[in-house]
Amino acid sequence: MLWITGAKGLLGSSLSTKCKAALHVKTGREVDISDIGSVRSFVKKNPGITHIVNCAAFSHVDAAEQYREEAYKTNAIGPENLAHVAGEIGAKLIHISTDYVFPGNLKRPLTEQDVVEPCNYYGKTKLVGEERVLAHSGCVIRTSSIFGKAGRNFVSQLLQMLQTQKEIRLTDDQWGRYTYAPDLSEAILQMLPHTGLYQYANAGIATKYEFGLALREEAILLGFPVITEAIHPVPGATFSAPCKRPAYSAFDTAKIEPFVAIRHWKEALRDFLCAQLPVYS
Ligand SMILES: NC(=O)c1ccc[n+]([C@@H]2O[C@H](COP(=O)([O-])OP(=O)(O)OC[C@H]3O[C@@H](n4cnc5c(N)ncnc54)[C@H](OP(=O)(O)O)[C@@H]3O)[C@@H](O)[C@H]2O)c1
């Protein structure tokens with residue numbers, strides 16, 4: 001049986017829909033992963049858990065600067081608690097981490113062996129979390145820029161903006177790889193038997209500006225009521241934010257590729273848009 005923590009979030013809800021009902025125990029916030037007592041009591045009430053996928057996180061990057069204790073408890077202590085309890089019940093833990101563990105100063109695809117040095121507090125807490133899971137022989141999958149139907153994400157916000165704003169400014173000096181939540185969910189299921197550190201994202205490196213242009217074009221083709229006439233490329237410094245983001249954090253995904261299929265983000269983007277189209281019957 002599979003337990004998905006953070007099952008109401010962007011990734012967790014996608015993973016939950018992918019799994020057959022018989023396979024998983026879903027929880028929203030009934031369990032606080034930063035409290036080991038709460039985790040132990042949950043697994044006691046739900047015997048037979050063989051795999052735990054940790055999609056729970058304090059994921060608000062800017063807020064993590066202000067709410068440091070909460071971010072640390074959820075992103076560092078939480079995965080450690082899950083790793084402990086997984087060990088106690090003989091279950092396997094798959095934990096999700098982030099490209100924000102990288103400093104962002106190398107401009108080439110980054111492997112699992114590349115130096116990590118987070119440039120913000122969120123990245124620091126996530127790095128501690130992944131180290132603790134790996135110390136307990138779990139599996140860590142780093143991912144980046146997730147988009148999907150549920151939850152707060154850049155792509156859903158941008159789709160809204162395209163339908164409400166004549167002009168949009170998007171950064172063109174931060175490079176990464178986008179990840180469609182259902183594709184990552186499929187990859188997670190393929191990785192259930194594995195341990196160690198892996199990186200997964202859809203293929204193709206893009207800035208927000210490049211992504212925005214493709215989204216606009218595809219949305220128009222599919223008949224969305226787009227009113228945006230121009231998308232302007234701007235430097236990241238145009239927008240003030242409480243913390244830095246890595247300028248370059250695109251993964252090299254060669255290590256995971258023998259186990260999972262990876263398609264280009266443009267193909268995934270079309271599926272994302274098709275899933276948003278209204279259905280009349
Ligand atoms: N989104 C991205 O672009 C992105 C990029 C790279 C990596 N990641 C990683 O991918 C994973 C999934 O992210 P996501 O975007 O799906 O996050 P999300 O939408 O914010 O979902 C996180 C879920 O965790 C729950 N949660 C928070 N603190 C908890 C705690 N102490 N105990 C139990 N549950 C708790 C949240 O519940 P509440 O809503 O009630 O707080 C929420 O349902 C995270 O590990 C994140 O770091 C995300």
Side-chain angles (χ1 to χ4, degrees), residues 3-18 25-43 52-64 67 69-82 85 93-102 104 110 118 120-130 132-133 138-158 174 176-185 187-188 198-202 206 208 211 245-246 249-251 265 268 272:
W3 173 27
I4 303 165
T5 63
K8 296 220 169 97
L10 170 56
L11 176 61
S13 59
S14 163
L15 182 60
S16 303
T17 4
K18 253 213 183 253
V25 179
K26 282 206 271 178
T27 50
R29 262 298 195 122
E30 298 97 278
V31 181
D32 176 359
I33 62 161
S34 68
D35 170 4
I36 198 159
S38 164
V39 176
R40 279 206 181 102
S41 131
F42 180 81
V43 299
I52 303 171
V53 180
N54 182 30
C55 299
F58 187 107
S59 64
H60 199 303
V61 178
D62 289 324
Y67 301 101
E69 196 184 335
E70 201 188 322
Y72 189 85
K73 275 163 96 180
T74 301
N75 294 345
I77 308 289
E80 185 177 27
N81 288 341
L82 292 171
V85 174
L93 173 64
I94 292 93
H95 171 65
I96 308 303
S97 192
T98 171
D99 57 325
Y100 280 18
V101 295
F102 290 117
L110 301 154
N120 56 44
Y121 191 71
Y122 164 79
K124 287 184 178 135
T125 62
K126 292 294 293 182
L127 180 59
V128 177
E130 62 177 56
R132 296 194 180 172
V133 171
C139 179
V140 173
I141 304 175
R142 287 184 186 145
T143 190
S144 52
S145 303
I146 305 176
F147 65 101
K149 210 170 162 188
R152 172 179 48 85
N153 67 89
F154 160 71
V155 181
S156 296
Q157 282 166 0
L158 190 54
Q174 287 166 6
R177 280 174 66 169
Y178 284 84
T179 307
Y180 186 40
D183 289 7
L184 173 57
S185 301
I188 291 170
Y198 295 88
Q199 301 182 151
Y200 178 91
N202 284 111
K208 281 190 172 168
F211 195 96
R245 264 82 174 151
S249 60
F251 296 139
W265 62 262
F272 164 77

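Order of appearance sets the numbers: ligands from 1, and atoms from 1 within every ligand. The first residue of the sequence shown is numbered 1, and numbering continues consecutively from there.
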Asks: A cation-pi test, strictly: NZ or CZ of R142 under 6.0 Å from the centre of the six-membered ring of F102 and no more than 45 degrees from its axis. Yes or no?
Replies: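 The answer is yes, since R142 meets both limits relative to F102.
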Asks: Under 4.0 Å between a Lys/Arg side-chain N and an Asp/Glu carboxylate O for R245 and D99?
Replies: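 So R245 does not pair with D99 through a salt bridge.
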Asks: Looking only at side chains, do S34 and T74 share a donor and an acceptor under 3.5 Å apart?
Replies: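 The criterion, which ignores hydrogens and geometry beyond distance, is not satisfied for T74 and S34.
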Asks: Using only heavy-atom distances, determine whether the side chains of T179 and N202 contain a donor-acceptor pair under 3.5 Å.
Replies: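 Not at all, the side chains of T179 and N202 share no donor-acceptor pair under 3.5 Å.
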Asks: Indicate whether the side chain of T125 and that of N75 have a donor and an acceptor atom separated by less than 3.5 Å.
Replies: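 Distance-only check passes for T125 and N75.
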Asks: Is the shortest heavy-atom distance from the side chain of Y122 to the side chain of T98 under 4.5 Å?
Replies: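 Sidechains of T98 and Y122: in contact.
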Asks: Distance under 4.0 Å, heavy atoms only, partner ligand 1: which residues pass?
Replies: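 Correct list: G6, K8, G9, L10, L11, R29, V31, D32, I33, C55, A56, A57, S59, T74, I96, S97, T98, Y122, K126, T143, S144, S145, I146.
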